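Remember, predicted model here, so these are calculated numbers, not experimental data.
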Amino acid sequence: MNEIGKKNAKSETLLRKITLYKDTAITAMDNEKEFGTAVIQANDGYLEKLLKADETEYAILKDNMARAESETERQAIRDRMAEMKKERYAKDTENKGFYERQEDKHKTYTLRVLGSVAIVAGLTVKFRKPLIEAGKKLISKN
């Protein structure tokens, strides 16, 4: 094989390696996007459930507010509404923290997979000739 043929073969091998890694990276980015979308949807669903769970108590409190005869009663009702809002905010914050940790774990996993693919692709390209020869030897012995 002449010098130009060797360079072309080397370039072709490099392009295949890059294409393999590029396809894997694109798949990983799509997966990250889908995971992020799922996290946002799950959090929105959780918030809706929290609001629905509080609707009944809010309705009762509003009804009691209209019937309250003293400022002390009205203040107690306002305090309970404020407490409910704080509880909902605390639950939402806790839930977002949970999802954030899940996203971090998912990103770490994805980066490890991409790193592994890059290493394997690099090693395969670098050691392809010895691997092919070893494979030929194994096939010819049997």
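- Counting heavy atoms from C-beta on, the side chains of Thr110 and Glu32 come closer than 4.5 Å.
- Between Lys62 and Glu55, none of the side-chain N atoms (NZ, or NE/NH1/NH2) sits under 4.0 Å from a carboxylate O, so this pair counts as no salt bridge.
- The shortest non-hydrogen separation linking Glu69 to Arg74 is C-NH1, 4.0 Å.
- With sequence neighbours left out, the ring pair (Phe, Tyr, Trp, His ring centres under 6.0 Å) criterion links Phe35 to His106.
- Among residues two or more places apart in sequence or in another chain, the side chain to side chain contact (heavy atoms under 4.5 Å, CB included) test is passed with Glu83 by Arg80, Glu87.
- Residues meeting the side chain to side chain donor-acceptor pair (under 3.5 Å) test with Asn95, sequence neighbours left out: Asn43.
- Sorted by first and then second residue, the ring-ring contact (aromatic ring centres under 6.0 Å, His included) pairs with a member in residues 73-102 form an empty list; sequence neighbours excluded.
- In this structure, the separation between CG on Asp54 and CZ on Arg88 is 5.0 Å, given to the nearest 0.5 Å.
- Both Met84 and Met65 belong to a common hydrophobic cluster when Ile, Leu, Val, Met, Phe, Trp and Tyr are linked at side-chain heavy-atom distances under 4.5 angstrom.
- Using a 4.5 Å cut-off between side-chain heavy atoms of Ile, Leu, Val, Met, Phe, Trp and Tyr, Ile26 falls into a hydrophobic cluster with Met29.
- Partners of Gln41 according to the side chain to side chain contact (heavy atoms under 4.5 Å, CB included) rule, which considers only residues two or more places apart in sequence or in another chain, are Thr37.
- Under the ring-ring contact (aromatic ring centres under 6.0 Å, His included) criterion, no residue pair touches residues 37-80, with sequence neighbours excluded.
- Other residues sharing the hydrophobic cluster of Leu111, ordered by chain and number and joined by side-chain separations under 4.5 Å: none, the residue standing alone.
- Residues passing the side chain to side chain contact (heavy atoms under 4.5 Å, CB included) test with Lys49: none are found, sequence neighbours excluded.
- Under the salt bridge (Lys or Arg N to Asp or Glu O under 4.0 Å) criterion, the residue pairs touching residues 95-111 are Asp92-Lys96, with sequence neighbours excluded.
- Asp79 is linked by a side chain to side chain donor-acceptor pair (under 3.5 Å) to Gln75, counting only residues two or more places apart in sequence or in another chain.
- Arg67 is linked by a salt bridge (Lys or Arg N to Asp or Glu O under 4.0 Å) to Asp63, counting only residues two or more places apart in sequence or in another chain.
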